[in-house]
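What follows is a set of notes on a single structure, which appears directly below.
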Amino acid sequence: MKKLSIIAILLTSFIYFSCNSFDDILNPDKDKDEKASISFVINDIPASVSKLIAVLSRENFSDKIIQVPIQSDSTKLTFEEVPVGIWHLKVDALDASS
């Protein structure tokens with residue numbers, strides 16, 4: 001019975017601290033100025049694609065947009081000064097007529 005109580009306390013503590021730290025990611029402290037760079041390498045781009053438009057978006061933040069002309073079958077997209085948190089990435093591939 002004593003072992004069962006200890007396991008229950010440890011499990012409850014683990015769940016509490018796990019959920020507590022996830023909230024820091026979703027709602028970071030606005031006073032902190034933590035930022036990162038994010039890079040993506042995109043390979044095997046079809047020859048018909050002439051431009052990529054990548055948008056990083058997040059509620060209550062300004063969108064970060066990169067437009068890259070395509071000259072080969074691969075490219076690298078880099079976002080600088082991205083505040084820490086969960087973001088949504090959307091990449092559109094456009095042909096010459098778009």
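We use all heavy atoms of the structure for the numbers below, so side chains are in, but hydrogens, waters and symmetry mates are not. Just so it is clear, the model here is predicted, and its values are computed rather than measured.
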Subject >> Spacing of CG belonging to L94 relative to CG belonging to L52, to within rounding of 0.5 Å >> reply: 8.0 Å
Original post:
Can you tell me how far CG of N43 sits from OG1 of T75, rounded to the nearest 0.5 angstrom?
Top reply: 9.5 Å
Original post:
K76: what forms a salt bridge (charged side-chain N to carboxylate O under 4.0 Å, His left out) with it, not counting sequence neighbours?
Top reply: none
**OP:** Assess whether side-chain contact (heavy atoms from CB on, under 4.5 Å) is satisfied between I86 and R58, documenting all intermediate values.
**Re:** CA-CA 7 Å; I86 296 176; R58 181 177 176 189; 5.7 Å; no
Side chain to side chain contact (heavy atoms under 4.5 Å, CB included) with [X]: which residues, sequence neighbours excluded?
X: P46; answer: S48, V49
X: S72; answer: S74
X: A36; answer: none

Check whether any side-chain heavy atom of [X] lies under 4.5 Å from a side-chain heavy atom of [Y], and answer yes or no.
X: L77; Y: V68; result: yes
X: I70; Y: S50; result: no
X: V84; Y: K35; result: no
X: F40; Y: L89; result: yes
X: I53; Y: Q67; result: yes

Original post:
Pairs in or reaching into residues 62-87: which pass ring pair (Phe, Tyr, Trp, His ring centres under 6.0 Å), with residues at least two apart or in two chains?
Top reply: F61-W87
Subject >> Where at least one partner belongs to residues 78-98, residue pairs that pass salt bridge (charged side-chain N to carboxylate O under 4.0 Å, His left out), sequence neighbours excluded >> reply: K90-D92
